[in-house]
Amino acid sequence: MHMADALVSAATGGAMWAASAGAATYSVKKVQTEIEENEKKIPLMGVMGAFVFASQMINFTIPGTGSSGHIGGGILLAALLGPHAGFLTLISILAIQALFFADGGLLALGCNIFNMGFFTCYVAYPLIYKKIIHKKMSKKNILIGSLIAAVVGLQLGSFAVVLETFFSGKTELPFGTLLIMMQPIHLAIGIVEGLLTAAVISFLWNTRPELLESSNMDKINNSNNKKVVALLLCAALVLGGIASLYASNNPDGLEWSIEKTIDSNEVEGNSSIHELLRNVQEKISFLPDYNFKSDQEAQTQAKLGTSVSGISGSILTLIVAVLIGKISKKYRQINKG
């Protein structure tokens, strides 16, 4: 659901930027207290950000549709880091994707943060997943909670995409038609994400239960913490550098829905703000569409670009997420001082 700038007007994009900035400010204040109580969350934010970034590069085919999808990662991040740190970590992922890989627009970044982060971390996670898990922590409840929360989060996010195009005056994308295309395909994607999320959480619950947000992270000793961080980082690099090469080439759920609506996956954004931000993104992004800027048609070059994108993006996300944690901690100390 990485929306391009062409799908939103300046007014809608600006409004969603403001909404996402408000949610981020709230998250930072909450994370400051959490990190002060437990600094072990900072490196975990980094490696989980890298892991989700790499996981998002692996599109899985939705059988019988010609479409594909990838995990959003909001429920997984919230389950391990809590909703506040999870939301900020997802922001770092989406910002890096937009800035350096031209995946999602700069004007639409506020929309993407809200659609993919707010609905999962602040709606689906606390109101669905957490309530189910708090009844009893079990594999069955992890599966039910992950599945329902992922589906609801994705349905809310995909519906928001339709609303945002409607309020942006995109008459070439009729509200009813786009809605009919978006909701079913993202229901299928949500089911797959829910199953994958449940698998990861169940594995961690069996091997490192103290990592889950509902558990006590203080139980992790320094030695175990380093091992967990190293393991997750290695997994991220393998996913981004190798597994991403085998991702589906089918259009994702949003592209597929637009193509089914207007027989093309291209929507034009011709205002001056669209042109300005398009030029900025072209200059900043060093691997647009996860590929090298030159000779993008060469198969070997394309595969190398994908691997470099997966590895570099994972490392960048790790750095940014850790910086967010450290800055939040420092700001808290300054305010207290």
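As the structure is a prediction and not an experimental result, all values here were calculated from the model.
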Should [X] and [Y] be counted in the same cluster of Ile, Leu, Val, Met, Phe, Trp and Tyr side chains packed under 4.5 Å apart?
| X | Y | answer |
| --- | --- | --- |
| Leu147 | Leu127 | no |
| Phe60 | Tyr246 | no |
| Ile324 | Tyr26 | yes |
| Val267 | Met3 | yes |
| Val161 | Phe175 | yes |

Any chance you could lay out the ring-ring contact (aromatic ring centres under 6.0 Å, His included) test for Phe101 and Phe286, step after step, and finish with the verdict?
CA-CA 7 Å; Phe101 302 97; Phe286 58 87; 5.6 Å; yes
If you take all heavy atoms of [X] and [Y], which pair is closest and at what distance?
| X | Y | answer |
| --- | --- | --- |
| Ser307 | Leu245 | OG-CD2, 3.5 Å |
| Ser202 | Ile142 | OG-CG2, 3.5 Å |
| Gly145 | Ile132 | CA-CD1, 3.7 Å |
| Phe118 | Phe87 | N-CE1, 3.5 Å |
| Val52 | Gly72 | CG1-O, 3.8 Å |
| Gly240 | Ser244 | O-OG, 2.5 Å |

Quick one: do Met181 and Glu259 satisfy side chain to side chain contact (heavy atoms under 4.5 Å, CB included)? Show the steps, please.
CA-CA 10 Å; Met181 294 294 107; Glu259 189 172 338; over 6 Å; no
Donor-acceptor contact present, side-chain [X] to main-chain [Y], <3.5 Å:
| X | Y | result |
| --- | --- | --- |
| Ser146 | Thr197 | no |
| Asp5 | Ala108 | yes |
| Gln281 | Leu99 | no |
| Gln56 | His70 | no |
| Lys326 | Ile42 | no |
| Thr317 | Ala50 | no |
| Glu193 | Val151 | no |
| His274 | Ala10 | no |
| Asn141 | Met137 | no |
| Ser20 | Trp17 | no |

For residues [X] and [Y], determine if any side-chain heavy atom of one lies less than 4.5 Å from a side-chain heavy atom of the other.
| X | Y | answer |
| --- | --- | --- |
| Ser27 | Tyr122 | yes |
| Gln155 | Phe119 | no |
| Ser257 | Leu178 | yes |
| Leu316 | Phe53 | no |
| Glu282 | Pro288 | no |
| Trp205 | Leu212 | yes |
| Gln32 | Val28 | yes |
| Leu196 | Val200 | no |

Euclidean distance, [Y] [atom2] relative to [X] [atom1], rounded to 0.5 Å:
| X | Y | atom1 | atom2 | answer |
| --- | --- | --- | --- | --- |
| Ile96 | Ser314 | CD1 | OG | 9.5 Å |
| Ile273 | Arg278 | CD1 | CZ | 11.0 Å |
| His2 | Leu7 | NE2 | CG | 13.0 Å |
| Ile242 | Leu237 | CD1 | CG | 9.5 Å |
| Lys227 | Leu231 | NZ | CG | 11.0 Å |
| Thr89 | Leu94 | OG1 | CG | 11.0 Å |

Count the heavy atoms belonging to other residues, nucleotides or ligands that lie under 6.0 Å from CZ of Phe166, then report whether that count exceeds 12.
no
Is Asn249 atom CG crowded by more than 12 heavy atoms from other residues, nucleotides or ligands, each under 6.0 Å away?
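Counting neighbours around CG of Asn249, 12 or fewer heavy atoms of other residues, nucleotides or ligands fall under 6.0 Å, so no.
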For a side chain to side chain donor-acceptor pair (under 3.5 Å) with Glu164, tell me which candidate from Asn115, Thr12, Asn112 qualifies.
Asn115
Start with the C-alpha distance between Lys130 and Tyr125, add both sets of side-chain angles, then the distance that settles side chain to side chain contact (heavy atoms under 4.5 Å, CB included), and finish with yes or no.
CA-CA 6 Å; Lys130 200 166 184 178; Tyr125 173 75; 3.9 Å; yes
Apply side chain to side chain contact (heavy atoms under 4.5 Å, CB included) to residues Val47 and Leu44 and explain how you reach the verdict.
CA-CA 5 Å; Val47 294; Leu44 195 58; 4.0 Å; yes
Taking it one step at a time, do Leu254 and Ile185 satisfy side chain to side chain contact (heavy atoms under 4.5 Å, CB included)?
CA-CA 9 Å; Leu254 176 56; Ile185 196 66; over 6 Å; no
